[in-house]
Structure formats: C-alpha cells, structure tokens
Amino acid sequence: MKPSPLSHPTHPPHAVSRLRSSRLERSTRPFLARGGPKGERCSGCRLILSHCMCKLRPILPTRAGVCLLMAEHETLKPSNTGWLIADVVPDTMAFGWARTEVDPALLAVLADPQWQPYVVFPGEFVAPERVITELPPVDTEQNSHKRPLFILLDATWPEARKIFKKSPYLAQFPVLSLLPEQLSRYRLRRSRRDDHLCTSEVAALCLGLAGETAAAQALEMYLDVFTDHYLRAKQQLKVEWEDELHLQMRELVGEIKNNVDEPSS
C-alpha cells in the first residue's frame, strides 16, 4: 500500500529543527517560505504538505556521530540537507556558527571523551600534517573506546572556508579530506565546482568510511527522495509514489522497522 501524501507523521524535533526554531525566535521579521496555501509546509520535512515525505524517513542509530556547524541562514533554507542527516542519524548535533562567540555546548561536545572529532574539509587548504584520508582502525588501543564524530561545515563554500579559518577551537583536530569518485548528484543548488558535494553527500561518505554502510546508503537514497519531492513541488507536479525510487525507499524503511522490532537474541 502506498503512503498517503496527505499523512504527516510527527517525530520529536531533532538538533537542526531545534536550531531552526531558535533562529526564527531571534528573527526581527517573520520568515515566509514559499509554496502551498499561505506557504504552509510540513514541520517534519519542510516540504509543502502535498509532497510530505515523513513516512519515508529512515532512522538508523550509528556508532558514528555528526556535528554540524551551520552558517547563519542555513537552517532557514528549505533546500538545506543538514536536516536530512539529522533525520537519519540520531546522534546528530547542530550549532550555529558565529565569529565572535562559541556555543559552550559545542565546546562540551568536542571535549566529550566518548568522541574523536574529525573536521571534514578539503586537504588542499590544510597543512599536510593535519590531513587524513581514512579513519584509524577501530581496534587500535588508542581509538577503541572513541566514537568518530564528523564535524561538517554546513554553509556555502566561501562561508565554509571562513568558518574553518576563524574557528581556532577546531585547530586541535585532524582534518578528514574526502576523495569522492563521483560527482555531486545534488540538484537543488548549484556549486561552482562539480566535485563539490552537498552536506548530506559528505555525511554519507563519512559514514561509509566509518563502516556505517547501511546508514550511508539510507542517507544517499533519502537525499534522492527529498530532491525528487522538492523539485516536483517546485514544478507543481504530483509525486510518483509507485516509481522505482519510492518502492526502494519504502522497502528500506520497512527493513529498518523490522530490524528494530525484532527482539534481540
């Protein structure tokens, strides 16, 4: 049975959702998103109600975590894909970035002994001694108790470079430089370089490096579904709920639910 496009399951607000709410509270004028009657959008997926995809959300607990440092306006953009990461990976944290102050909660996360933070950034702009291209083996004595925490700079490329340069509290951590073999499939915003990936694509590659194959694949497919729904809403086209993409996504969500419901042995 196909999911009803008018059914909007509710989920507890995640880190990016809470950051967006905080940003709206500080706004001096109302933020009006386009689309739908009076711009009404689903609070869970940010799409207009007729294109809601909340029933297709794949939630996968992972050993790895994600820490998003978000530029000022990113949380307000309906096309932002950091939101998708928080949808899929429960251990996603999100903080707004400012040059003049640092959220104490961010510093507490970075100092938490359960995490080994990695700043994800192109190695060509970093001193070579800080750069790594793969994660240390989990079974090494030094890292066995540490969970990888991927610090993603969720911003435009110029903003991301500024965040990286002007955040001295990140200088103590290794820089994970990704070498993706595929060009970005993200179609909602254009980059000046074809090899620049959107934030959720970067997160999927990081999860893959951490051995979180299922979560990486789920996030990749979830981005495809989001992109499809977003563009169809923009073009005033109905969602094709029975096409191959949606059938695969529903199958994946069903498998995840069954695995969660199965009693542990």
Side-chain angles (χ1 to χ4, degrees), residues 15-16 19-20 22-23 46 64-89 92-103 105-107 109-110 115-135 148-210 216 219-220 223 226-227:
V16 180
L19 187 60
R20 182 181 188 276
S22 175
R23 174 69 180 82
R46 304 158 298 155
V66 177
C67 179
L68 297 168
L69 288 187
M70 306 185 75
E72 176 70 10
H73 300 294
E74 279 297 326
T75 56
L76 301 182
K77 296 176 181 177
S79 58
N80 173 268
T81 66
W83 187 291
L84 303 182
I85 302 168
D87 274 350
V88 176
V89 180
T92 298
M93 293 144 272
F95 302 93
W97 184 84
R99 183 180 62 83
T100 57
E101 57 184 344
V102 186
D103 189 332
L106 168 60
L107 297 180
V109 168
L110 299 180
W115 298 113
Q116 171 56 62
Y118 298 97
V119 184
V120 183
F121 200 74
E124 60 190 288
F125 302 101
V126 186
E129 59 270 18
R130 285 187 66 191
V131 177
I132 61 173
T133 56
E134 57 185 23
L135 301 185
L149 179 67
F150 301 110
I151 303 172
L152 306 185
L153 311 183
D154 193 6
T156 64
W157 174 235
E159 289 172 332
R161 293 188 67 176
K162 179 180 179 181
I163 293 173
F164 184 82
K165 290 181 178 180
K166 297 185 179 296
S167 302
Y169 48 88
L170 298 179
Q172 60 183 304
F173 302 120
V175 173
L176 177 61
S177 180
L178 301 174
L179 304 173
E181 298 178 356
Q182 63 187 53
L183 297 179
S184 175
R185 295 174 289 114
Y186 183 53
R187 294 177 285 149
L188 303 185
R189 291 189 238 163
R190 292 185 177 181
S191 171
R192 294 180 181 179
R193 288 174 50 174
D194 287 338
D195 58 345
H196 278 181
L197 306 177
C198 72
T199 307
S200 68
E201 287 177 307
V202 172
L205 288 171
C206 291
L207 291 170
L209 286 175
L219 186 54
E220 288 178 350
L223 171 64
F226 176 73
T227 301

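Model, not experiment: these values are computed from the prediction.
In plain terms, the two heavy atoms of Leu152 and Ala203 that are nearest each other are CD1-CB, 3.8 Å. Here the closest heavy-atom approach between residue Phe226 and residue Pro78 is recorded as CZ-O, 3.2 Å. Heavy atoms only, all atoms of each residue included: Gly65 and Trp115 are closest at N-CZ3, 3.6 Å. When every heavy atom of Tyr118 is checked against every heavy atom of Pro148, the shortest pair comes out as CE1-CB, 4.0 Å. Val126 and Arg130 make their closest contact through CG1-CB, 3.9 Å (heavy atoms, listed as atom of the first residue, atom of the second, distance). Of all non-hydrogen atoms in Ala204 and Glu220, the two that sit nearest each other are CB-CG, 3.8 Å.
Between the side chain of Arg23 and the main chain of Glu72, a donor-acceptor pair closer than 3.5 Å is present. With hydrogens and angles ignored, the 3.5 Å screen pairs a side-chain donor or acceptor of Arg46 with a backbone N or O of Asn80. Checking side-chain atoms of Thr199 against main-chain N and O of Asp154 turns up no donor-acceptor pair under 3.5 Å.
A salt bridge is defined here as a Lys NZ or Arg NE, NH1 or NH2 lying under 4.0 Å from an Asp or Glu carboxylate O, and Glu159 with Lys162 fails to meet this definition.
Between Lys165 atom NZ and Leu170 atom CG the span is 14.5 Å, to the nearest 0.5 Å. Here the CG-CZ distance, from Leu107 to Phe95, works out to 9.0 Å after rounding to the nearest 0.5 Å. A distance of 11.0 Å separates CG in Leu68 from OG1 in Thr75, rounded to the nearest 0.5 Å. For the atom pair CD1 of Ile163 and OG1 of Thr156, the computed distance is 8.0 Å after rounding to the nearest 0.5 Å. The CD atom of Glu201 sits 9.0 Å away from atom CG of Leu219, with the distance rounded to the nearest 0.5 Å. Between atom CD of residue Glu134 and atom CG of residue Leu179 there is a gap of 10.0 Å, rounded to the nearest 0.5 Å.
The only option from Phe173, Phe121, Tyr169, Trp97 that meets the ring-ring contact (aromatic ring centres under 6.0 Å, His included) definition with Phe164 turns out to be Phe121. When Val120, Leu106, Leu69 are each tested for a side-chain contact (heavy atoms from CB on, under 4.5 Å) with Ile151, only one passes: Leu69. Applying the side-chain contact (heavy atoms from CB on, under 4.5 Å) test between Asp87 and each of Ile85, Val89, Leu84 identifies Leu84 as the sole match.
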Please assess Leu110 against Gln172 for the test side-chain contact (heavy atoms from CB on, under 4.5 Å), listing each intermediate value before the final yes or no. CA-CA 10 Å; Leu110 299 180; Gln172 60 183 304; 5.8 Å; no
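Considering only heavy atoms from C-beta on, Pro174 comes within 4.5 Å of Gln116 through its side chain. Looking at Leu176 and Leu135, their side chains come closer than 4.5 Å, going by heavy atoms from C-beta outward.
Note: Trp157 and Phe125 have tilted aromatic rings, judged against thresholds of 30 and 60 degrees for the angle between ring planes.
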